[in-house]
Engineer: 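The structure that follows is given in the form of structure tokens.
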Amino acid sequence: MPLQQTWPAELAARYRQAGYWRAETFPEFLERRVQRSPGRTAIVGGNERWTYAQLQQRANAAAAHFIQLGLVPGERVIVHLGNIPEFFQVVFGLFRAGLVPVYALPAHREAEIVHFAHKSEASAYVIGPSADRFDYRALAAKVRSKSPLLRHIIEIDTLPTAIDAAAGELPRPPSAPSDVAFLQISGGSTGLSKLIPRTHDDYIYSFRASAEICGLNQDSVYLAALPISHNFPMSSPGVFGTLYAGGTVVLSPSPDPATAFALIEREQVTITALVPPLALLWLHAAPTIDADLSSLKLLQVGGAKLTPEIARRIRPVLGCSLQQVFGMAEGLVNYTRLDDPEEIIVTTQGRPISPDDELLIVDDEGRPVPENQPGHLLTRGPYTIRAYHNEPVANRRSFTDDGFYRTGDIVKRTAEGYLVVQGRAHDHINRAGEKISAEEIEDHLLAHPDVFDAAVVSIPDEYLGERSCAFIIAKEQKPRPAQLKAWIRERGLAAYKIPDQIVLVEDFQTTAVGKISRRELRAALRNQLMQQLQNTDPGAEP
Ligand code: AMP
Ligand code: DBH
């Protein structure tokens, strides 16, 4: 199946003419950085420090290895790695060989990986080191048994670090700038995660422009505290934006303050990115941890809504500027600007990257709403996809006839053109920036022999922003909450998808209303629980 991601010809021509798309591919971008500053440090992680030249050498060795295995340009390869330097060896190696990475998150497990293998028709699966606490090999064996097209499991430890002289020269990089460079993962607001095809042209534009907005240059040092396979730390401006600017990427194995603060001091980190609950954790920890954070100039916060109260504490406590980032793997990214007034920075989620990002904010009937009124956000532009990969049904729902992506977000736009996120139109749970589809979890719960019906809803949570709660109607036998949680884990789902709370109910008390939609049902259940929580003594067990 050809990988396609197409803008109408006249729009594509406009994006090229405006200088957004510069006909550059990932291998060319790396080659230019190596030409310019081969000896500067590109990647720091674990015990490794790689210069740009060493990164390219390793990527070429990986590319040669992939070609030797018989993988051919255009084939898809699932990449399942944490924040380790080899991530870059693998993805730049895949780009060099014209192969298409599919980015899995470290938390993903059998159910998600099998789904990606199936949807992308992947030929290979690259897994983390054998020394990792998590047993990638056992997972890969299960995935392979369920994925007939998957020909190769590639263990990261087995990749060569230099090209074997006998192997001869690498062929020329086969990709064109308008080709799909990789498949990114959507948060999955309805059902399972979808695959997002991003081209060299559009993605490089998004992180090049992001790097400019964030003032990155050769001296910038970016700390990747979030998992780099996620779109935010990957590209807003993230690790790729930093490499594009010729700076240094420092990989943190964990976002916990003790680990991250030590790296900030040691590597003189200038910029990093967090989701709101982690920003809160850092604020709490800063006074108790002895580390010099004075090199840190900018903390980006995004992925979920940051409250103004927490936003206001960042500069006084951490001594750096805040930037709010509201983005999505499908494309559109908004930033508050470095020179914006403090009030805009703390109360809005920014404005788009590009003058050619087209935004519509509309009511339920599709009519534009006035300024400062909430409405559905639709968008199209030079780095927002026109379709998901291999999803004909979802595409009809998610895109308008004239190519606008329905983000599913409810936003307001201020007179200055800044967006303020109000919430979601659909039922998904944004748990500390990790998106969970209610429908996906309900389907797994319904498969349990003791479950008659299930509804999964989001509940406001002081720390996580939102947590998940599953309402269950049992058959004769009442399952214990712990059994249902174990069930979700055993079904091979990522741990963040396990419901935080399980409430057994006799019925959904919806008969009076007659037939109601799942959405209305979830809203009614959420309201009931919220009322109960308000009425109970805060000290009591729920
Ligand atoms: P994903 O589908 O995983 O790429 O997640 C994108 C979604 O995350 C957006 O459509 C928003 O719902 C949410 N999101 C991202 N950044 C923010 C933010 N700064 N404030 C509120 N919601 C956000
Ligand atoms: O949540 C996201 O997906 C997100 C947040 C900020 C994103 O994809 C991005 C910036 O690029």
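The first residue of the sequence shown is numbered 1, and numbering continues consecutively from there. Whatever order the structure lists ligands and atoms in, that order sets their numbers, starting from 1. Since the structure is predicted, the reported quantities are computational estimates derived from the model, not experimental observations.
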Engineer: Taking the six-membered ring for Trp and the single ring otherwise, decide whether the centroids of Tyr203 and Phe182 are under 6.0 Å apart.
Structural biologist: yes
Engineer: Which atoms of ligand 1 have any heavy atom of Ala329 under 4.0 Å away?
Structural biologist: 4 (O)
Engineer: Have a look at Phe240 and tell me which of Phe26, Phe232, Tyr103 forms a ring pair (Phe, Tyr, Trp, His ring centres under 6.0 Å) with it.
Structural biologist: Phe26
Engineer: Need the ligand 1 atom indices (1-based, order shown) with element for anything under 4.0 Å from a heavy-atom of Gly327.
Structural biologist: 6 (C), 7 (C), 9 (C), 15 (C), 16 (N)
Engineer: Examine the proximity of ligand 1 to Gln324 and report which part, side chain or backbone, both or neither, has a heavy atom under 4.0 Å away.
Structural biologist: neither
Engineer: Heavy-atom distances under 4.0 Å decide this one: backbone, side chain, both or neither, for Lys435 against ligand 1?
Structural biologist: side chain
Engineer: Just which atoms of ligand 1 are under 4.0 Å from any heavy atom in Arg424?
Structural biologist: 10 (O), 12 (O)
Engineer: Does Met234 have a non-hydrogen atom less than 4.0 Å from ligand 2?
Structural biologist: no
Engineer: Please indicate whether any nitrogen or oxygen in Gly303 is less than 3.5 Å from any nitrogen or oxygen in ligand 1.
Structural biologist: yes
Engineer: What residue and atom, counting heavy atoms only, is the protein's closest point to atom 11 (O) of ligand 2, and at what distance?
Structural biologist: Ser236 OG, 2.7 Å
Engineer: Does any N or O atom in Gly187 lie less than 3.5 angstrom from one in ligand 1, N or O only?
Structural biologist: yes
Engineer: Can you tell me how far apart CG (Asn334) and CD (Gln349) are? Round to the nearest 0.5 Å.
Structural biologist: 9.0 Å
Engineer: Pairs of nitrogen or oxygen atoms closer than 3.5 Å, one from Asn430 and one from ligand 1: do any exist?
Structural biologist: no
Engineer: Grab the two heavy atoms, one from Ser206 and one from Ile353, that are nearest each other, plus how far apart they are.
Structural biologist: O-CD1, 3.8 Å
Engineer: Can you confirm whether or not the ring centre of Tyr205 sits under 6.0 Å from the ring centre of Trp21?
Structural biologist: no
Engineer: Cation-pi check for Tyr244 against Arg33: NZ or CZ below 6.0 Å from the six-membered ring centre and within 45 degrees of the axis, yes or no?
Structural biologist: yes
Engineer: Taking non-hydrogen atoms only, is Val325 closer than 4.0 angstrom to ligand 1 via side chain, backbone, both or neither?
Structural biologist: backbone
Engineer: Got the closest protein heavy atom to atom 3 (O) of ligand 2, with its distance?
Structural biologist: His230 CE1, 3.5 Å
Engineer: Does ligand 1 have any atom that is closer than 4.0 Å to a heavy atom of Asp409?
Structural biologist: yes
Engineer: Just jot down the ligand 2 atoms closer than 4.0 angstrom to any heavy atom of Val325, in number order.
Structural biologist: 6 (C), 10 (C)
Engineer: Please confirm whether Ser235 comes within less than 3.5 Å of ligand 2 when only nitrogen or oxygen atoms on both sides are compared.
Structural biologist: no
Engineer: Can you name the one residue among His389, His80, His108 that meets ring pair (Phe, Tyr, Trp, His ring centres under 6.0 Å) with Phe116?
Structural biologist: His108
Engineer: Can you sort out which atoms of ligand 2 are near Val333, meaning under 4.0 Å from one of its heavy atoms?
Structural biologist: 11 (O)
